[in-house]
Structure formats: structure tokens, C-alpha cells
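Heads up, the thing below is written out as C-alpha cells.
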Amino acid sequence: MQGFDRLGGRIALARSHAEGSGAAATPAETVASPAPDSRAHDGHLHPSAGALFAAPQDALARGAAAVERALAPLVEIPAALLVAAEVVILFAGVVSRYVFHAPLIWSDELASILFLWLAMLGAAVAFRRGEHMRMNALAGMVGREARAFLEVSAVVAGLAFCVLLLSPALEYAQEEAFIRTPALDLQNSWRAAALVTGLSLMVAFAVLRLAQLGRPLLVLKALVVACLIIAAFWMLGPTLKGLGNYNLLIFFVGVVAFCVLAGVPIAFAFGLATFGYLALTTRTPMLTMVGRLDEGMSHLILLAVPLFVFLGQLIEMTGMAKAMVSFLASLLGHVRGGLHYVLVGAMYLVSGISGAKAADMAAVAPVLFPEMKQRGAKEGDLVALLAATGAQTETIPPSIVLITIGSVTGVSIAALFTGGLLPAVVLGAALCFVVWRRYRGEDLSQVAKASRGEIGRAFLVALPAVALPFVIRAAVIEGVATATEVSTIGIAYSTLAGLFIYHRFDWKRLRPMLVDTASLSGAILLIIGTATAMAWGLTQSGFSRALADTMTHMPGGALTFMAVSVVAFIVLGSLLEGIPAIVLFGPLLFPIARAVGVHEVHYAMVVILAMGIGLFAPPFGVGYYAACAIGRVDPVAGMRPILAYLVALFLGLVIVAAVPWISTGFL
């Protein structure tokens with residue numbers, strides 16, 4: 001199987017059982033093969049069965065496991081508290097400014113300081129839990145020992161990146177001590193220390209992970225290979241400096257491709273390539289790379305990422321998502337293909353709340369899939385439609401990709417939120433046409449049509465949940481809150497609805513939800529940080545100017561530019577996933593779009609939908625495997641059914657690209 005997975009999905013913790021004793025089991029690293037019913041925290045396929053090699057339980061492994069168990073809560077609890085603190089601070093800022101007309105001048109500053117700590121601690125939690133995004137194409141095709149070596153090498157690569165950047169990060173924190181924050185009058189080193197802390201924790205977790213393997217020869221082999229590669233590049237430094245821009249191909253194509261295909265998490269692949277390029281081919285101090293990493297990770301707009309991720313978990317926990325789906329099912333459940341239409345509509349509504357596709361799918365699929373299977377729907381078609389709706393709804397606010405585009409290109413997020421609604425309707429209509437073709441002969445003789453009373457009751461129950469997307473959009477458009485702050489309004493709204501309307505609020509789930517939010521957010525933000533550093537390196541090399549000149553003067557003007565962009569972002573979406581692709585190429589291509597006469601909001605919708613198709617298209621699209629994991633369906637089952645949906649999505653994308661009004665008509 002090809003695609004992306006989480007690092008910990010293949011180096012998984014296994015429990016050994018002592019024969020005839022009640023001793024506690026000790027974790028040991030094992031490499032695992034895919035299991036159809038396994039899940040990752042954010043919905044990505046998380047292989048967890050069929051160990052390829054087992055680690056002996058020696059004293060070192062047991063000691064490392066004990067240390068990791070003791071260290072884990074010392075990182076996870078502060079990370080969870082930081083998520084909660086950000087919610088409180090930003091919501092207090094909204095209430096103070098809009099209700100009492102007395103802005104808290106320090107709220108954004110404090111939120112920014114804590115945000116970098118949240119990002120780095122979250123990245124450390126993700127490292128420990130194996131939740132940094134990676135590609136497993138090559139690892140799935142090689143033999144047992146080679147696969148084990150690749151898994152260990154992925155950990156070693158992360159360790160190498162953190163060790164190489166640790167000294168520059170410390171120097172960066174010392175330099176920041178000379179800067180004081182304007183509102184709180186704190187040394188900026190308090191904020192910059194988060195980089196040192198996060199990198200140090202990832203080093204510690206990497207060492208503990210390797211120690212738990214109990215296979216010193218395998219670990220030594222991976223370390224030696226890594227050291228030899230680094231030494232070879234270092235010795236070639238003088239030669240590389242004379243190659244000029246050919247180094248862009250060596251590092252940003254060759255090194256990145258090698259690392260990604262070998263299973264190194266994307267964030268570390270980007271980071272190692274950028275570090276090598278700057279250190280060996282330029283005179284740029286590594287302090288600058290740390291600064292770009294900081295800049296990419298801590299842009300205040302990106303604080304919406306963890307807050308919307310948490311909101312997505314909250315609407316599932318409180319039953320709001322189930323209420324929306326039940327109402328739609330009462331309306332359309334008696335129509336041929338009705339529940340498939342409900343799936344399309346439910347994903348549209350839920351996407352307007354959570355901002356994260358994995359959260360959307362996890363909220364909708366468990367509610368609909370059992371009933372759809374009872375009606376005879378094949379699980380392959382179900383997971384295919386689920387993945388297709390994930391691609392369809394990428395432009396619906398508050399999409400994390402929309403927020404990222406606004407962050408890196410300067411396009412108005414309010415305009416992006418407004419422009420994203422209708423393109424998703426066009427693609428949804430294309431999917432519904434495929435559903436109609438496939439299910440126009442469905443047997444519904446055993447399905448009863450809901451009465452008006454039942455529909456009315458379902459509507460009343462769902463009304464608070466259905467209203468939430470409109471509350472979020474209205475708050476942004478009317479200026480009540482920024483795109484960053486509006487998620488806190490949604491969180492407060494969902495909490496009150498869960499407590500007093502739906503009477504579903506499990507306090508015991510809050511801590512795991514907050515930790516999951518920090519972990520997923522840290523993994524996303526580290527990718528954005530390293531991609532920002534790489535994009536800066538590309539810009540300094542003159543590559544962006546050359547690319548702009550080439551694409552501006554292509555024959556065909558805007559039409560050719562849009563066609564090339566569609567193809568490029570479908571490929572980038574499948575290989576790099578949406579966010580790193582946007583961070584890398586958004587600052588380069590959006591100015592070109594303006595230069596050739598393409599509206600920036602229109603262009604944003606086209607590239608987001610193109611990336612969505614790549615992201616959810618097998619065999620490489622990570623989103624497809626996310627849908628399979630959430631639906632507990634073998635990925636092979638959906639390969640054929642999804643083809644028609646992908647064709648429909650592409651035709652819908654062509655319509656959106658050809659008719660700018662669809663994206664800009666309501667601006």
C-alpha cells in the first residue's frame with residue numbers, strides 16, 4: 001500500500017507479556033504492517049498489526065521506556081494547558097473589545113508568546129507519538145530488514161535535524177534577549193526559548209525511542225549511515241558552492257525527494273534540505289534559518305489551526321455533528337441515493353465548523369455508514385464518496401488551508417471565507433450527479449419516509465448545530481472577531497450547546513482532546529515552519545524571480561497559467577499535502593497570478609481544489625487513506641469506485657477555473 005502514514009504507525013509500541021507473572025508490560029519498538037481497522041489520531045491510516053521484528057526486553061529498553069513514560073505527561077499536560085489558555089485569552093479579548101469596548105492590549109502579544117510554546121511542545125508530543133506526517137511508499141515495498149532500517153532511519157533523521165538546529169536555536173534565543181515586547185515588557189528570549197525546549201525534547205524522545213528498540217546494531221547502522229551522508233555533504237561543500245543554482249536541484253529536489261521517499265517525516269525532510277543548502281552553499285548564518293522557522297510557525301493567524309482542530313473534536317463530542325446528520329437524513333433518507341446526498345451535504349455543513357478534513361470525516365462517517373451499509377451500499381463506494389467530499393469541501397471556511405493562504409500571501413481571509421462557499425457547491429453538484437447515476441435504481445421498499453412531524457423535531461434538535469457555521473461566518477464578516485479569534489466563539493457556543501441543549505459533555509475527554517489538538521497542531525506547524533525556511537532559501541537564490549519571469553511570459557497568458565497551476569497543484573497535493581505546498585509555492589505564484597490578471601481569491605479557490613483532488617486521490621493521496629482509516633475500509637476496495645468521483649471533481653474544478661464569478665461574485 002502506498003501513501004502517507006504517521007511515523008509511530010510503523011514503529012509502534014508493543015507490549016511483552018511476562019510468562020506466569022503479573023509484571024507490567026514493557027514497551028518495545030516494532031515495525032508493523034497495515035491493519036484495516038487501525039486509526040491514527042487525526043484519521044490517517046495507522047498500521048498496527050503484524051510485527052516484522054520484535055525488540056528484546058533488556059535493561060536499557062526497560063529503563064528508556066520508564067523514562068519516556070515519566071517524561072510524557074510533563075510535556076503533554078503543559079501542551080494541553082496551552083491550548084486551553086489560548087482559547088481563554090483570545091475569547092477574553094473578543095468579549096473585552098466587542099462587549100465592553102475596552103480592548104486588552106496585551107492579549108495578542110501573550111497569545112503569540114504562548115503560541116510558539118504550543119507549537120514546539122505539540123511538535124515534541126507528535127514526535128513521541130509518531131504523528132509527524134510521512135510517506136510510506138518505499139517502506140511498503142521493501143523487505144523486512146530493509147523496512148526496519150528505514151523506520152529507524154526516519155527517527156535518526158529527525159534526531160539529526162534537531163541536533164543540527166539546537167545550537168543555532170540557542171544562539172537565536174540569546175539574541176532575542178535584547179528585544180522586549182511592547183505591551184508586557186518581557187524579554188523576547190522567553191518566547192524564543194520555546195524553540196530550544198522543543199528541539200531538546202525531540203532529541204530526548206528520539207534517543208529514548210532508539211534505546212527502546214533493543215537492537216543496537218540496527219540503530220548503530222542507521223546512525224553510521226546518517227553520519228556518513230552528512231560528512232560526505234560537508235566534504236563536498238567547496239565543490240557545491242561552485243555549482244550555483246544547481247544546488248537547488250540537489251537539495252530542494254534531490255535531498256527532499258530522497259528523504260520523503262525513504263519515509264522521513266516531511267517537516268524533517270524540508271528542514272534537513274534547507275539546513276544543508278544554507279550551510280554548505282551560502283554564507284547565511286544558521287541563526288537566520290531559525291528566524292524563518294520561528295516566523296513560519298508563530299504567525300498569529302495560524303493560531304486558528306489548533307483552535308479549529310479543537311472545535312472539530314468538540315462538535316463530535318457534544319453530539320452536534322450527529323444532530324445535523326440526523327436532520328439531513330430525515331429530509332432525504334427516503335430518496336434513491338438519499339444518504340449519499342446526505343453525506344455530501346453533511347460534509348459541507350461540518351466543514352464550516354471544524355476547518356480540518358480529518359475531523360469532518362470522523363464526525364460524519366460513523367453516523368451514516370452503518371445505515372448506508374444496511375441499505376446495501378458497498379463499503380468501497382462509501383469510502384470513495386467520503387474521500388471525494390473531503391476534496392470537495394477544501395474551500396469551505398474555516399478551512400485551515402484558507403487560513404494558511406491568507407497567512408503566507410496576504411490575501412484577505414474574510415474574502416477567502418466568502419469566496420470559498422460557492423466553488424464547493426459546484427463540486428458537490430458534480431458528485432451528486434455521479435450519485436444519481438449510480439443509485440437511480442436503488443431499492444427503497446423497506447425504507448419509510450419521515451413524517452413532517454419527525455422532520456420538524458429533527459430540525460429543532462439540529463437547529464443549534466446547523467446555526468453554528470453561520471454564527472462563525474457572520475462573526476468574521478461583521479467584524480466581531482478576526483479569523484483567529486472566531487474559533488473561540490465557536491468553542492464557547494459548542495460548549496454551552498453541549499452542556500445545556502444536548503446534555504452531552506464528557507469532561508474526562510477534555511484532556512485527551514487537548515493533547516490530540518496540540519499534537520496535530522505541532523505536526524502541522526513544524527511543517528509550515530520548515531517549509532517557510534525552504535521558501536525563503538528559494539527566494540534568496542533568485543529562483544522566485546526566474547519562475548515569475550517564465551510563467552508571466554508563457555504563451556496563452558492567464559489561461560495557460562491556470563492550466564499549469566491546476567496540474568502542478570494536483571501533483572503537489574498528492575506528494576506534499578496541501579499546507580506545505582501552499583507555504584512553499586503560494587508566495588511565489590500568487591504575485592504571478594495578479595500579474596497575468598487572475599483575481600487572487602479566484603486563484604486561491606482553483607489551487608485549493610486542485611490540491612484537494614491530489615490529496616484525496618489514490619494511490620498517493622494521504623486524504624484517501626484518512627477516509628479509509630476512519631471508515632474502517634480496506635483501501636483497495638475504494639480504488640475503482642473513486643475514479644468516477646475524481647472525474648466529477650475535476651470537471652467541477654474546470655468549471656470553477658473557467659468562471660471567475662463563482663469565486664468572486666459575492667465579494
Side-chain angles (χ1 to χ4, degrees), residues 3 36 43-45 321-322 324-326 328-329 331-333 335-351 354 357-396 423-444 447 573-574 609 612-619 621-653:
H44 293 291
L45 193 62
K322 183 177 181 180
M324 283 190 285
V325 173
S326 298
L328 292 175
L331 283 176
L332 299 172
V335 179
R336 288 186 175 90
L339 292 185
H340 294 75
Y341 298 131
V342 171
L343 178 58
V344 175
M347 283 292 289
Y348 189 98
L349 286 176
V350 174
S351 290
S354 74
K357 293 285 95 60
D360 302 339
M361 293 188 292
V364 172
V367 180
L368 282 176
F369 274 23
E371 177 64 22
M372 295 170 81
K373 289 178 181 177
Q374 286 183 10
R375 295 190 182 189
K378 297 179 180 179
E379 61 179 16
D381 187 57
L382 295 183
V383 79
L385 182 58
L386 181 64
T389 55
Q392 168 223 339
T393 55
E394 281 283 85
T395 64
I396 297 176
V425 172
V426 173
L427 268 67
L431 293 178
C432 288
F433 176 77
V434 177
V435 170
W436 174 78
R437 291 275 301 175
R438 285 185 172 177
Y439 289 91
R440 61 186 185 275
E442 183 181 13
D443 180 14
L444 295 179
V447 178
S574 64
L609 292 174
I613 293 174
L615 180 64
F616 286 89
V622 60
Y624 175 73
Y625 298 101
C628 293
I630 290 168
R632 300 195 174 195
V633 176
D634 186 345
V636 176
M639 294 285 189
R640 186 180 296 273
I642 201 173
L643 292 178
Y645 292 125
L646 290 176
V647 171
L649 289 172
F650 183 78
L651 293 176
L653 171 59

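In this structure, SG on Cys432 lies 11.0 Å from CG on Leu427, to the nearest 0.5 angstrom. How far CG of Leu431 is from OH of Tyr341: 11.0 Å, rounded to the nearest 0.5 Å.
Ala384 is linked by a side chain to side chain contact (heavy atoms under 4.5 Å, CB included) to Pro641, Ile642, Tyr645, counting only residues two or more places apart in sequence or in another chain. The side chain to side chain contact (heavy atoms under 4.5 Å, CB included) search around Arg437 returns Phe433, Arg440, not counting sequence neighbours. By the side chain to side chain contact (heavy atoms under 4.5 Å, CB included) test, Val425 is found to be paired with Tyr348, Leu422, residues two or more places apart in sequence or in another chain being considered. Leu349 is linked by a side chain to side chain contact (heavy atoms under 4.5 Å, CB included) to Met324, Leu328, counting only residues two or more places apart in sequence or in another chain. With sequence neighbours excluded, the residues that form a side chain to side chain donor-acceptor pair (under 3.5 Å) with Tyr439 are His340, Asp381. Residues passing the side chain to side chain donor-acceptor pair (under 3.5 Å) test with Thr393, sequence neighbours excluded: Ser351.
Across every non-hydrogen atom of Gly652 and Val426, the tightest pair is O-CG1, 4.0 Å. Across Ile613 and Ala391, no two heavy atoms sit closer than the pair N-CB, 4.0 Å. Contact between Ala648 and Val434 at its shortest, heavy atoms only, is CB-CG2, 3.6 Å. Nearest heavy atom pair, residue Tyr624 against residue Phe616, reads CB-O, 3.6 Å. The nearest pair of heavy atoms linking Leu386 to Thr389 is O-OG1, 2.7 Å.
Counting heavy atoms from C-beta on, the side chains of Leu343 and Leu339 never come closer than 4.5 Å. For the pair Glu379 and Phe369, the minimum side-chain heavy-atom distance is 4.5 Å or more.
Side chain of Glu394 to main chain of Leu609: no donor-acceptor pair is present (N/O by atom type, distance under 3.5 Å, no hydrogens or angles).
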